[in-house]
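Accompanying notes for the structure given below.
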Amino acid sequence: MGDFLPAVLRGGVDVVQLREKTLDLEAQRAMALVMKPICRSFGVPFIVNDSPELAAGVGADGVHVGQEDVSVDRCRQLLGDAAIVGLSTHSSDEFDRALQENASYFSAGPIEPTPTKPGRSGTGIDYAVASQERSIRPVFVTGGVNASNVGALVAAGLRHFVVVRALTEASDPEASARSVRDALDTALAMTVEPT
C-alpha cells in the first residue's frame, strides 16, 4: 500500500475506498490509518467498505455499504449528514428501493462479471445507464472499467466510475491511473451535457 496509493493518486484517482473483505477489522483499521493521511495530503475523500463503525473510528469521510450490510439510516446515525454514504445496487428493484434512501451516491453493476464480486453475474451497461437517468445523485459504474472502455461508457451517458483491476493488476499503477483519467477527461470534454 505504501507506494501504490500515492502512485494512483498522482495518476488522477479522485476518491479512495478501502475494500478488504478478507481482512479482520483490526487489520482494516491499521490499513485505514495509513491510507487516510495519504488521501488527505492529496485532498481526496477516503471511505471504507461495509462498516460505519470503522469509518467513524478512523475519521474516514464516509462508508460504502451493500444490500446485505448495515442500513444507510444507521450509517447516517453514526457518521452524520455530512458523511459520504454510498449504496450498491445490482438490479432495477434494488435501485427503486435505493432511491428512497438518504445515500450520497449509488453504484450500479458490476456491468460485467468481476473477481471483486465473486458469483455475481454482470448487469450489462443498460442497467447502469437507466439507473443514472433516474437519479440526480451520482451513480458509479462498477465492473471492468478501464482506459479502453471508459470513453464508450461516457458516450452512453455515464459519468462516475469505480476502477479496481486496471490499477491493482498494473505493472505501473500511476501510468494506468493516468491513462484512465486521460481517457475519461477526453471523453468528458467531447460530451455536450443537456441544459
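Nothing fancy with the numbering, it's 1 onward along the sequence.
Test Asp96, Val129, Val139 against Arg134 for side chain to side chain contact (heavy atoms under 4.5 Å, CB included) and you get one pass: Asp96. Checked against Cys39 for a side chain to side chain contact (heavy atoms under 4.5 Å, CB included), the options Ile47, Leu5, Val13 give a single hit: Leu5.
Distance check: Met35 CE to Gln28 CD gives 10.5 Å after rounding to the nearest 0.5 Å. Atom CG of Asn49 and atom NZ of Lys21 lie 4.5 Å apart (nearest 0.5 Å). Atom CG of residue Asp50 and atom CG of residue Leu25 lie 10.5 Å apart, to the nearest 0.5 angstrom. Put simply, OG on Ser88 and OH on Tyr105 are 7.5 Å apart, with the number rounded to the nearest 0.5 Å.
Residues Phe106 and Phe140 keep their aromatic ring centres 6.0 Å or farther apart.
Between the side chains of Thr123 and His90, not a single donor N or O lies within less than 3.5 Å of an accepting N or O. Using modelled atom types and a 3.5 Å distance limit, the side chains of Thr89 and Tyr127 yield a donor-acceptor pair.
For Arg181, the side chain to side chain donor-acceptor pair (under 3.5 Å) criterion is met by Asp14, Asp185, not counting sequence neighbours.
Using a 4.0 Å cut-off between charged side-chain N and carboxylate O, Glu101 and Arg97 make no salt bridge. A salt bridge is absent between Asp172 and Arg178; no separation between the charged side-chain nitrogens and carboxylate oxygens falls under 4.0 Å.
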